[in-house]
> 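One structure, as C-alpha cells, below. Some questions next.
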Amino acid sequence: FTYNPRKPAARPLPSVLTDKLANMALAQTKEFYSARKIARQARATEEKLATRDHLLESARTILREGSIFDLTAIALGHQAGITRQTVYRYFPNTESIFKALSDQVITEVYKDLLLPSEDEGALDHFVTRAVGVFVGDSTVIRQLVLASALGRAAGSWHQIDPEEVLLRVVSDMPVEKRPVSADPAVSARMMITYFRGALYGWAAGFYCDEEFEKQVRLAGRLIDPDLA
C-alpha cells in the first residue's frame, strides 16, 4: 500500500478582489496609452509650431529679397521647401501670412511692457523698444507696416490699439511728466498721431532708420527738439 497525498485544491480568489485587480490592470493600461497619446500630441504640436515658424521666416526672406507682391503661397512653398498644400493648411491666403508676421512684431514690441507702472522711464522704455523692433528688420517691417495699414483699412485686421496702450502708460506718469498735455487722453492721442505719421513716412521710404527714431522721440517729447 502506497500513500499518495493529494495537494489541496487552490481556492478561487474572491470576486471582489479579482474585479479590483482587473480594474487596476485596466487603469494602468489606459494610463499607459494616455501617456503615449499625450506625448504624440505634444510632438505633433511642436512640429506644427516649428513648421509655422519656418514658414514665417521663409516669408521674411522673400520680403527681404523682394516685395509684398512676391509673397505668394507658391513662392513661400518653394522658399520653405514644402508643398503649396501644406502652406495652405497653415495660411489659407496671403493676407493671413502678413497678419501672422505683423502679430509677431506687435508681440515683440509689447512683451516686456508692464502695466500699470510707476516707473517714470516706462514711456521711454516703450518707445526705445518699439523703435528697436521696427528698425531691427527694417526691410521686412516697412512692408508689413504698409500691409497692415491696408488690412485695417479693409476692416479685416483686428490688432492691439497702440493708443490704448499709450494711454495706460501716460496715465501712470506724474502729471508734470506727461508729454504734450496733462490730460492723458490728449497726450496719448497727440503722440500716437505723430508716431503714425513718422511710421508711415518711414515705411514709405521718406525717412531712414535714424530719422525715424528721431521723429518718434520728438513725437513723445522724449528729447529736446533743439538737441535732436
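This structure is a prediction, so every number in the text was calculated from the model and none was measured. Sequential numbering from 1 along the given sequence is applied to the chain's residues.
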> What are the two closest heavy atoms between Val170 and Ser187, and how far apart are they?
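Here Val170 and Ser187 meet closest at CG1-OG, 3.7 Å.
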> Given the rule that I, L, V, M, F, W and Y join up when any side-chain heavy atoms are under 4.5 Å apart, are Met173 and Val175 in one cluster?
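No, because Met173 and Val175 fall into different hydrophobic clusters, even though each may have its own neighbours under 4.5 Å.
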> How far does CD of Gln143 sit from CG of Asp137, to the nearest 0.5 angstrom?
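One finds 10.0 Å between CD of Gln143 and CG of Asp137.
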> Which atoms form the tightest heavy-atom contact between Arg52 and Ala100, and what is the distance?
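So the minimum-distance heavy-atom pair works out to NH2-CB, 3.5 Å.
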> Grab the two heavy atoms, one from Val216 and one from Val131, that are nearest each other, plus how far apart they are.
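The answer is CG1-CG2, 3.9 Å.
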> When you compare the side chains of Gln104 and Glu108, does any donor N or O come within less than 3.5 Å of an acceptor on the partner?
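The answer is no; no qualifying pair exists.
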> Among the clusters formed by ILVMFWY side chains lying less than 4.5 Å apart, do Leu167 and Phe195 turn up in the same one?
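No, because Leu167 and Phe195 fall into different hydrophobic clusters, even though each may have its own neighbours under 4.5 Å.
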> Answer yes if Val135 and Leu146 sit in the same cluster of Ile, Leu, Val, Met, Phe, Trp and Tyr residues linked by side chain heavy atoms under 4.5 Å apart, and no otherwise.
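No, Val135 and Leu146 fall in different hydrophobic clusters.
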> Output every pair passing ring pair (Phe, Tyr, Trp, His ring centres under 6.0 Å) with a member in residues 198-219, not counting sequence neighbours, ordered by first then second residue.
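Residue pairs with at least one partner in residues 198-219: Trp202-Phe212.
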> Do you reckon Ile74 sits in the same ILVMFWY cluster as Leu63, going by side-chain contacts under 4.5 Å, direct or chained?
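Hydrophobic grouping puts Ile74 apart from Leu63.
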> Is there a donor-acceptor pair closer than 3.5 Å between any side-chain N or O of Gln79 and the backbone N or O of Ser58?
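No, because the side chain of Gln79 does not come within donor-acceptor range (under 3.5 Å) of the backbone of Ser58.
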> Whether Asp172 and Arg168 form a salt bridge (side-chain N of Lys/Arg under 4.0 Å from carboxylate O of Asp/Glu) is what I want to check.
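So Arg168 does not pair with Asp172 through a salt bridge.
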> Tell me, please, which residues at least two apart from Arg189 pass side chain to side chain donor-acceptor pair (under 3.5 Å).
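For Arg189 the side chain to side chain donor-acceptor pair (under 3.5 Å) partners, ignoring immediate neighbours, are Glu163.
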> Of all residues at least two apart in sequence or in a different chain, which pass the side chain to side chain donor-acceptor pair (under 3.5 Å) check with Thr94?
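Listed in chain order: nothing, the list is empty.
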> Does Leu56 reach the side chain of Phe91, with side-chain heavy atoms less than 4.5 Å apart?
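Side chain of Leu56 against side chain of Phe91, heavy atoms only: contact under 4.5 Å found.
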> Which heavy atom in Leu76 sits nearest to a heavy atom in Leu55, and how many Å separate them?
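Closest approach of Leu76 to Leu55, heavy atoms only: CD1-O, 3.2 Å.
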> First locate atom CD of Glu211, then atom CG of Leu218, and finally report the distance between them rounded to the nearest 0.5 Å.
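Nearest 0.5 Å value for the CD-CG distance: 8.0 Å.
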> To the nearest 0.5 angstrom, please state how far the CZ atom of Arg142 sits from the CG atom of Asp209.
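Reported value, rounded in 0.5 Å steps: 5.0 Å.
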> With rounding to the nearest 0.5 angstrom, report the CD1 to CD distance, Ile62 to Glu57.
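Atom-to-atom, Ile62:CD1 and Glu57:CD are 11.0 Å apart.
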> Minimum heavy-atom separation for Ala198 to Gln215, with atom names?
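Closest approach of Ala198 to Gln215, heavy atoms only: CB-CB, 3.8 Å.
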> Do the side chain of Ser102 and the main chain of Phe98 share a donor and acceptor less than 3.5 angstrom apart?
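Not at all, since once roles are kept as given, no pair shorter than 3.5 Å links the two residues.
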> Do you know the tightest heavy-atom contact between Ser148 and Val145?
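Closest pair (atom of Ser148, atom of Val145, distance): OG-O, 2.9 Å.
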> Rounded to the nearest 0.5 Å, how far does CG of Leu101 lie from CD1 of Ile106?
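Result: 11.5 Å between the selected atoms.
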> Would a hydrophobic clustering, with Ile, Leu, Val, Met, Phe, Trp and Tyr connected at side-chain separations under 4.5 Å, put Ile97 with Leu49?
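Per the 4.5 Å side-chain linkage, Ile97 and Leu49 are not co-clustered.
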> Atom CE in Met190, atom CG in Leu166: separation rounded to 0.5 Å?
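One finds 12.5 Å between CE of Met190 and CG of Leu166.
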> Evaluate Glu213 against Arg217 for salt bridge (Lys or Arg N to Asp or Glu O under 4.0 Å), listing each step before the verdict.
CA-CA 6 Å; Glu213 179 174 2; Arg217 292 190 178 282; 3.3 Å; yes
